[in-house]
Amino acid sequence: MRRLFSALILVVSVALPLLAVAVDEKPLADPRQEAVARSLMKEIRCLVCQNQSIEDSNADLAKDLRQVVRERVAIGDSPKNVRAYLVDRYGDWVLLEPPFKKSTYFLWLSPFLFLLAIGIGILLARRRHTVPPAPLSTDEQVKLNALLDSKESRK
Amino acid sequence: MTGISRFIPVAVVIAMIVLFFTMMGGDRNPQEIKSVLIDKPVPSFSLPMLGMDKTITEAVLITGKPVLVNFFASWCAPCRAEHENLMKIGASYGVSIVGIAYKDTPEKAQVFLNELGNPYSLVLMDQDGRAAIDWGVTGVPETFLIDSKGIIHYRHWGPIIGDSLEKRLLPRLQEISG
């Protein structure tokens, strides 16, 4: 009885997430197109829940956008065109990965800038310790010679 | 080590902080996604009219006068909250409001308007929500201000409640009525 119960729980817990997605959604007939659509869905932000892709969101709008993605793929749109179609309506924000362009150069390059700054800092700090002492001025040289001479003569 | 070069690391840190705030900061509300449709012509659509056997296209929005397009739904509580302000706009500011009922049935939309009053010069039905996607709508209510040539001038995200009518929408309306 107990085993039956735990088996039931296992079945339900495995089956529930499957139910959560694709309740009334039909995958595309062509499995290759469906695969393209699915990988696109992973790149598209759910605009209601924001930090999920439309692939893992249950929001109504996400469902509609999945439908849109499938339709665009079915009529032969390339992934690039599907993305452009959504960006035209919702802006770059709809893509989970921000594109590399003028307004995002800093976003993408800041880690490298940061490394560069650290590198320069380290270089400067090292230089500070390895700067060779300045050559003696004539005055100092004369004094040194005098000292050395007096030492010599004491021997 | 001379005096100036000692301050280089500090200067670098300050420069990076300033850069960070100017390039990545800004006054954005993470919930409110900026509309990419500003300064663009209204998207094309073809939607049935509420209560009439008629299909309406985007041409109806190009009237030579400013128009408001308000996405709403009878099931949406914030839409209920902003309704009073829409009635006020329709009555006193000489701008016509076109309502687009998002994922709603004609019956329920009609009940909603009978109950709260009808501020719209025209109500269109977007039952599958496709027109809303073309407008970049992420949820109701959203309101678009369109100029006399059919160019989208401003998008009001969320309900027009509190002081957002006086502080945000009306100044934009004055700008284009000018």
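A quick note: this is a predicted structure, and the numbers were derived from the prediction, not measured. Every heavy atom of this structure was used, including side-chain atoms; hydrogens, water molecules and symmetry mates were not. Chain letters run A, B, ... following the sequence lines, proteins first, then strands; residues in each count from 1.
For chain A, the nearby part of B/V137 is the backbone; its heavy atoms alone come within less than 4.5 Å. Contacts between B/K40 and chain A at a heavy-atom distance below 4.5 Å are absent for every atom of the residue. In this structure, no portion of B/A15 lies under 4.5 Å from any heavy atom of chain A. Contacts of B/I133 with chain A are made by both backbone and side-chain atoms, with heavy-atom separations under 4.5 Å. A/F114 touches chain B through backbone and side chain together, each having a heavy atom under 4.5 Å away.
Atom CZ of A/F100 is surrounded by more than 12 heavy atoms from other residues, nucleotides or ligands within 6.0 Å.
A heavy-atom distance below 4.5 Å is found between the side chains of A/V68 and A/Y85.
Taking the six-membered ring where the residue is Trp, B/H83 and B/F112 present perpendicular rings, their angle passing 60° and hence far from 30°.
Between the side chains of B/S35 and B/W157, not a single donor N or O lies within less than 3.5 Å of an accepting N or O.
For residues 115-137 of chain B, the pairs satisfying ring-ring contact (aromatic ring centres under 6.0 Å, His included) are B/F71-B/W135, B/F72-B/Y120, B/W135-B/F144, with sequence neighbours left out.
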